[in-house]
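These notes concern the structure reproduced below.
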Amino acid sequence: MKTQNTRSILVGSLLFLFFFLATGVSAQTMKIAVPTMGLEQDSLISPETGRAPFFLFFDEKGQLIEAIKNPAKDQYGGASRTVVALLVDKGVTLIIAENIGAKMEQALNARHIKYVKRTGVIKDAVQTIIQTR
């Protein structure tokens, strides 16, 4: 009797875990990064991606997850490489940017990160992208 209860609990726990993981994976299908001029959602998208002052990160619903200083902003060389490594580390699947240089475009494509060119206010660009997907 005790073995049967233990199996039932184990099977139930595994099913719950499977369901939780399956719904969690499907809900986290998109993470958006935006190079910005400021740390607020009403800031402008930076005209430069690799040397943008900041990056804002959003979930698939357009909710702000994180805002950080760009570690490559004042880097002498290799800014594209540093930024793309950051995006990969953060799990970004889409970047919204005003300009993407050739080196960054190649690096993004190699890591299957999509990009969309936009200008203007960050929150407006993010919402437009989410509504059109």
Side-chain angles (χ1 to χ4, degrees):
M1 181 85 163
K2 192 173 186 178
T3 305
Q4 190 175 15
N5 285 342
T6 303
R7 279 189 206 149
S8 296
I9 292 170
L10 182 60
V11 169
S13 298
L14 288 173
L15 287 173
F16 174 77
L17 183 61
F18 176 76
F19 176 76
F20 178 76
L21 289 174
T23 57
V25 169
S26 64
Q28 294 295 331
T29 57
M30 184 168 52
K31 187 169 183 183
I32 302 167
V34 186
T36 71
M37 298 304 293
L39 290 169
E40 292 79 31
Q41 294 182 55
D42 60 351
S43 300
L44 294 176
I45 296 172
S46 175
E48 297 181 285
T49 301
R51 306 247 185 244
F54 307 100
F55 274 91
L56 269 57
F57 299 91
F58 297 86
D59 66 13
E60 72 283 348
K61 295 177 183 174
Q63 297 297 313
L64 180 64
I65 300 169
E66 183 178 14
I68 64 168
K69 288 184 178 183
N70 179 1
K73 180 185 180 296
D74 298 317
Q75 191 172 315
Y76 179 71
S80 294
R81 195 174 23 244
T82 301
V83 167
V84 172
L86 171 72
L87 299 177
V88 169
D89 184 53
K90 296 286 186 182
V92 170
T93 57
L94 175 73
I95 182 168
I96 301 171
E98 187 171 322
N99 292 304
I100 303 270
K103 289 179 184 177
M104 183 163 298
E105 182 176 358
Q106 285 180 328
L108 291 171
N109 287 335
R111 285 152 186 91
H112 307 288
I113 298 173
K114 295 182 184 341
Y115 60 91
V116 178
K117 291 185 179 184
R118 292 284 189 274
T119 60
V121 176
I122 298 160
K123 66 182 175 185
D124 297 338
V126 169
Q127 287 305 314
T128 299
I129 295 300
I130 288 172
Q131 291 171 359
T132 59
R133 294 211 172 247

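Numbers for residues simply follow the sequence, beginning at 1. Everything numeric here is computed off the predicted structure, so don't read it as measured data.
Under the 4.5 Å side-chain criterion, counting only non-hydrogen atoms from C-beta, Ile130 is not in contact with Lys61. By the 4.5 Å heavy-atom criterion applied to side chains, Met37 and Pro47 are counted as neighbours. Here the side chains of Phe58 and Ile96 are not in contact, with every heavy-atom distance at 4.5 Å or above. The shortest distance between side-chain heavy atoms of Glu98 and Ser46 does not fall below 4.5 Å. For the pair Ile32 and Leu94, the minimum side-chain heavy-atom distance is below 4.5 Å. Between Thr93 and Thr29 the shortest side-chain heavy-atom distance does not fall below 4.5 Å. Using a 4.5 Å heavy-atom cutoff, the side chains of Glu66 and Ile68 are in contact. Val126 places none of its side-chain heavy atoms less than 4.5 Å from the side chain of Leu64.
For the side chain to side chain contact (heavy atoms under 4.5 Å, CB included) with Arg118, the qualifying choice from Ile129, Val34, Asp124 is Ile129, the only one to do so. For the side chain to side chain contact (heavy atoms under 4.5 Å, CB included) with Thr49, the lone residue among Asn70, Ile95, Val84 that qualifies is Ile95.
No side-chain donor-acceptor contact under 3.5 Å links Asp42 to the backbone of Lys123. Formation of a donor-acceptor pair under 3.5 Å by the Asn109 side chain with backbone atoms of Glu105 is found in this model.
In this structure, Arg51 places its CZ atom where more than 12 heavy-atom neighbours from other residues, nucleotides or ligands lie under 6.0 Å away.
What you find for Ile65 and Asp59 is that their closest heavy atoms are CD1-N, 3.3 Å.
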